Amino acid sequence: VDFAFSTLGKMIRIGLQPDAVTVSTLIKGLCSIGNNGMAVQLLKKMEAGDCKPDLVAYTTVINNLCKNRLVTEAFDLFSEMLGKGIRPSIVTYNTLLRGLCQVGKPEAAVQLLKKMEEGDCKPDVVTYSTIINSLCKDRLVTEAFDLVSEMLGKGVRPNLVTYTTLMGGLCQTGRPKAALELFREICSGGQLPDLITYSTLLDGLCEHGHLDEALTLFKEMQDNDVNLNVVIYTIIIDGMCNAGKLHDARELFSSLFVNKLWPDVRTYTVMINGLCNEGLLHEAYELFRKMERDGCLPDGRIYNAIIRGFIRNEDRSRVMELVDEMVERGFHAD
RNA sequence: GUUCGAUAGAGGUCCCAU
């Protein structure tokens, strides 16, 4: 992002004015590094200058305010945008809708939805999927399916994201088999699942004690030449560990490297946790050290996981060593 | 006409919630 801004400086110095796309891209960059304040500042600066922010620039900042749960601020900016005579798009509405859902304001979300239905930004598949996701997160899966009927009635077809969201809702409410049925149904209708669909299902199956079914699906993916990613592996490794199949988990973990997929800190956490739970503290510790040598940086959560293992094993000196180390690195023990 | 800047779905220790 720094480089992007220095390039912008260069552009301006040689007499090139950035356009709206350039500035929106920079705003998105600021947001992606978590610098919301700068993003808002840049927007304000543009408002005062020649290159006025457009709909996309506003929506980008509104989105990032929402993502940071600053929904009130997002609506303030939205009003400001309307005041400048910029008409919101469906994306702006969907963004605000998600923000409202995320901070648990369903009544406000419904109100906004009504406004969309009455205006010229009719709800689209993203709108419905956003609400369906919110309902599923609140475990209101029946209501989520009702909304599917409603969207169909309005001529909006659910897509893979919608279905994956519903599968997640079914899994979360303890019905991974129903999720699997829905999966089969959409597949037989010609829908190609993606990795998020698979990982949602695999996690749900593992979570509810159906490692066998998960492994069947996992094999099916390989038979169908699906390109696996590290998330898929992590889910299966975790499922194996939780089912007491540590040997299989270890083997699958090793196969990651063979397949040129690099475990990330979550994969290591799952594997280390599995080792700790079987009392293999030495192996867990070795893996923890190897992780960093292999270029994967630890975070606070993996420290907590391994420390917990040593606490259960009453290895006071290791606990002290690791707690000191994590604090020194700016993480806090939970 | 198309593409290039904005919106929805997946994985980790413990705690909390249920």
Side-chain angles (χ1 to χ4, degrees), chain A residues 18-29 31-32 39 53-64 66-67 74 81 88-99 101-102 121 123-134 136-139 144 158-169 171-174 193-204 206-207 229-239 241-242 263-274 276-277 284 298-312 326 331 333-334:
Chain A
D19 66 3
V21 173
T22 308
V23 180
S24 280
T25 306
L26 288 164
I27 289 174
K28 191 176 187 183
C31 294
S32 76
D54 66 1
L55 171 63
V56 174
Y58 276 105
T59 307
T60 304
V61 178
I62 288 170
N63 182 36
N64 282 277
C66 286
K67 286 250 148 66
M81 185 186 95
S89 70
I90 181 77
V91 175
T92 318
Y93 280 115
N94 288 341
T95 303
L96 288 166
L97 197 65
R98 185 185 184 278
C101 290
Q102 201 182 284
C121 281
D124 65 2
V125 63
V126 175
T127 316
Y128 285 109
S129 299
T130 301
I131 301 172
I132 287 169
N133 184 41
S134 175
C136 286
K137 290 266 149 27
D138 291 339
R139 310 174 67 85
N159 64 14
L160 182 60
V161 173
T162 321
Y163 287 121
T164 301
T165 305
L166 290 164
M167 288 177 215
C171 288
Q172 243 190 301
T173 51
D194 65 12
L195 284 177
I196 299 188
T197 312
Y198 281 116
S199 51
T200 301
L201 273 172
L202 290 171
D203 191 50
C206 288
E207 183 73 21
N229 69 5
V230 67
V231 175
I232 301 285
Y233 275 92
T234 305
I235 290 166
I236 301 289
I237 292 167
D238 193 34
C241 288
N242 291 329
D264 62 16
V265 65
R266 291 180 180 210
T267 322
Y268 279 104
T269 307
V270 163
M271 195 64 241
I272 284 171
N273 190 47
C276 287
N277 288 341
D299 61 10
R301 294 173 75 167
I302 194 165
Y303 270 104
N304 282 314
I306 192 166
I307 287 168
R308 220 164 271 281
F310 282 114
I311 289 173
R312 278 197 303 267
M326 81 182 286
F331 304 124
D334 63 11

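Proteins come first, then strands; the chains are lettered A, B, ... in the order of their sequence lines, and each starts at number 1. Quick caveat: nothing in here was measured; it's all calculated off a predicted structure.
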In whole angstrom, what separates Lys137(A)'s NZ from rG9(B)'s C1'?
-> 7 Å
Using whole Å, report how far CD of Gln102(A) lies from P of rA8(B).
-> 10 Å
For Thr130(A), enumerate each residue passing the side chain to side chain contact (heavy atoms under 4.5 Å, CB included) test, keeping only those at least two apart in sequence or located in another chain.
-> Arg98(A), Val126(A)
side-chain hydrogen bond (donor to acceptor under 3.5 Å, both in side chains) partners for Tyr268(A), two or more places apart = none
Is there a donor and acceptor pair closer than 3.5 Å between the side chain of Ser89(A) and the base of rA6(B)?
-> yes
How does each nucleotide of nucleotides 11-18 of chain B score, in 5' to 3' order, for protein heavy atoms under 4.0 Å: base (B), sugar-phosphate only (S), or none (-)?
-> BBBB----
Classify the nucleic acid contact of Ser129(A) as base, sugar-phosphate or nothing, counting any heavy atom under 4.0 Å across all strands shown.
-> base
Donor-acceptor pair (no angle test) under 3.5 Å: Thr165(A) side chain, rG9(B) base | no
Test side-chain hydrogen bond (donor to acceptor under 3.5 Å, both in side chains) applied to Asn277(A) - qualifying residues, sequence neighbours left out = Arg312(A)
Considering just the side-chain nitrogens and oxygens of Arg98(A), establish if one lies under 4.0 Å of OP1 or OP2 belonging to rA6(B).
-> no
Return yes if the base of rG5(B) and the side-chain atoms of Asp19(A) contain a donor-acceptor N/O pair under 3.5 Å, otherwise no.
-> no
For Ser199(A), which residues count as a side-chain hydrogen bond (donor to acceptor under 3.5 Å, both in side chains) partner, sequence neighbours excluded?
-> none
Partners passing salt bridge (Lys or Arg N to Asp or Glu O under 4.0 Å) against Asp334(A) (at least two apart in sequence or in another chain) = Arg308(A)
Contact class for Thr197(A) (heavy atom, under 4.0 Å): base, sugar-phosphate, or nothing?
-> base
For the base of rA8(B), is there a side-chain donor-acceptor partner from Asp124(A) under 3.5 Å away?
-> no
Quick one: is rC4(B) close enough that its OP1 or OP2 comes under 4.0 Å of any side-chain N or O from Lys28(A)?
-> no
With a non-hydrogen cut-off below 4.0 angstrom, is Asn64(A) in contact with a base, only sugar-phosphate, or nothing?
-> nothing
note: Ile131(A), atom CD1; rU7(B), atom P; distance rounded to Å ~ 18 Å
